[in-house]
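Inspection log for the structure reproduced underneath, given as C-alpha cells.
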Amino acid sequence: MCLAQLPREQKEAFLLKHEADFTLKEIAELVVETTENIKSRIRYALAKLKQCIKYKMETNNER
C-alpha cells in the first residue's frame with residue numbers, strides 16, 4: 001500500500017488534512033510546526049503517492 005510507504009510526518013499531515021479535515025493551522029498547532037512545513041509535508045506526500053500509484057498501475061498493466 002502506497003500510504004504505508006510514506007515517512008511518518010508526511011503520512012500524519014496527509015491523513016489529518018484529507019481524512020480528518022483539519023486545517024493547515026490546526027495541524028501545525030497539533031504537531032508544533034509551521035504551516036509552511038505542513039504544506040510541504042502534504043505536497044511531498046501527494047507527489048510520492050501519485051508516483052507510487054502510477055507505478056502500481058503500470059506494473060499491473062504489464063501482467
Side-chain angles (χ1 to χ4, degrees):
M1 178 179 195
C2 294
L3 193 58
Q5 296 176 12
L6 292 177
R8 184 186 58 78
E9 289 99 358
Q10 290 177 12
K11 182 172 22 178
E12 177 181 62
F14 176 82
L15 290 174
L16 287 171
K17 177 71 176 155
H18 294 286
E19 290 294 318
D21 264 349
F22 280 43
T23 65
L24 294 173
K25 183 179 178 189
E26 290 170 331
I27 299 167
E29 290 172 357
L30 182 67
V31 300
V32 191
E33 270 296 346
T34 66
T35 55
E36 291 303 314
N37 280 346
I38 299 304
K39 286 183 200 178
S40 292
R41 290 177 184 181
I42 294 169
R43 183 175 62 249
Y44 286 121
L46 286 169
K48 288 178 182 177
L49 289 170
K50 182 179 177 181
Q51 182 180 26
C52 177
I53 291 167
K54 182 179 176 183
Y55 173 77
K56 289 188 180 293
M57 289 178 67
E58 288 171 354
T59 56
N60 282 339
N61 287 337
E62 292 175 1
R63 292 180 188 177

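The first residue of the sequence shown is numbered 1, and numbering continues consecutively from there. Side-chain atoms are counted along with the backbone in the values below, which use heavy atoms only and exclude waters and symmetry mates.
For the disulfide (SG to SG under 2.5 Å) condition, no pair includes a residue of residues 11-48, sequence neighbours left out. For residues 19-57, there are no ring-ring contact (aromatic ring centres under 6.0 Å, His included) pairs, not counting sequence neighbours.
No side-chain heavy atom of Gln10 sits less than 4.5 Å from a side-chain heavy atom of Ile42.
The distance from the CD atom of Glu12 to the NZ atom of Lys17 is 15.0 Å, given to the nearest 0.5 Å. Leu24 CG to Glu33 CD: the interatomic distance, rounded to the nearest 0.5 Å, is 12.5 Å. In this structure, CG on Leu6 lies 12.5 Å from CZ on Arg41, to the nearest 0.5 angstrom.
By the neighbour-count criterion of 12 heavy atoms within 6.0 Å, atom CD of Gln5 is densely surrounded, having more than that number from other residues, nucleotides or ligands.
The hydrophobic clustering, which links ILVMFWY residues whose side-chain heavy atoms are closer than 4.5 Å, places Met1 and Leu46 together.
Taking all atoms of both residues into account, the shortest heavy-atom contact from Ile27 to Ala13 is CD1-O, 3.9 Å.
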| message | Does Leu16 form a side chain to side chain contact (heavy atoms under 4.5 Å, CB included) with Ile38? I'd like the steps, not just the answer. | response | CA-CA 10 Å; Leu16 287 171; Ile38 299 304; over 6 Å; no
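Applying the side chain to side chain contact (heavy atoms under 4.5 Å, CB included) test to Cys2 and every residue at least two apart in sequence or in another chain returns Leu49, Cys52, Ile53, Lys56. Scored by the side-chain hydrogen bond (donor to acceptor under 3.5 Å, both in side chains) test, Glu26 finds Thr23 as partners (sequence neighbours excluded). The side chain to side chain contact (heavy atoms under 4.5 Å, CB included) test applied to Glu19 returns Leu15, not counting sequence neighbours. For Ser40, the side-chain hydrogen bond (donor to acceptor under 3.5 Å, both in side chains) partners at least two apart in sequence or on another chain are Arg43.
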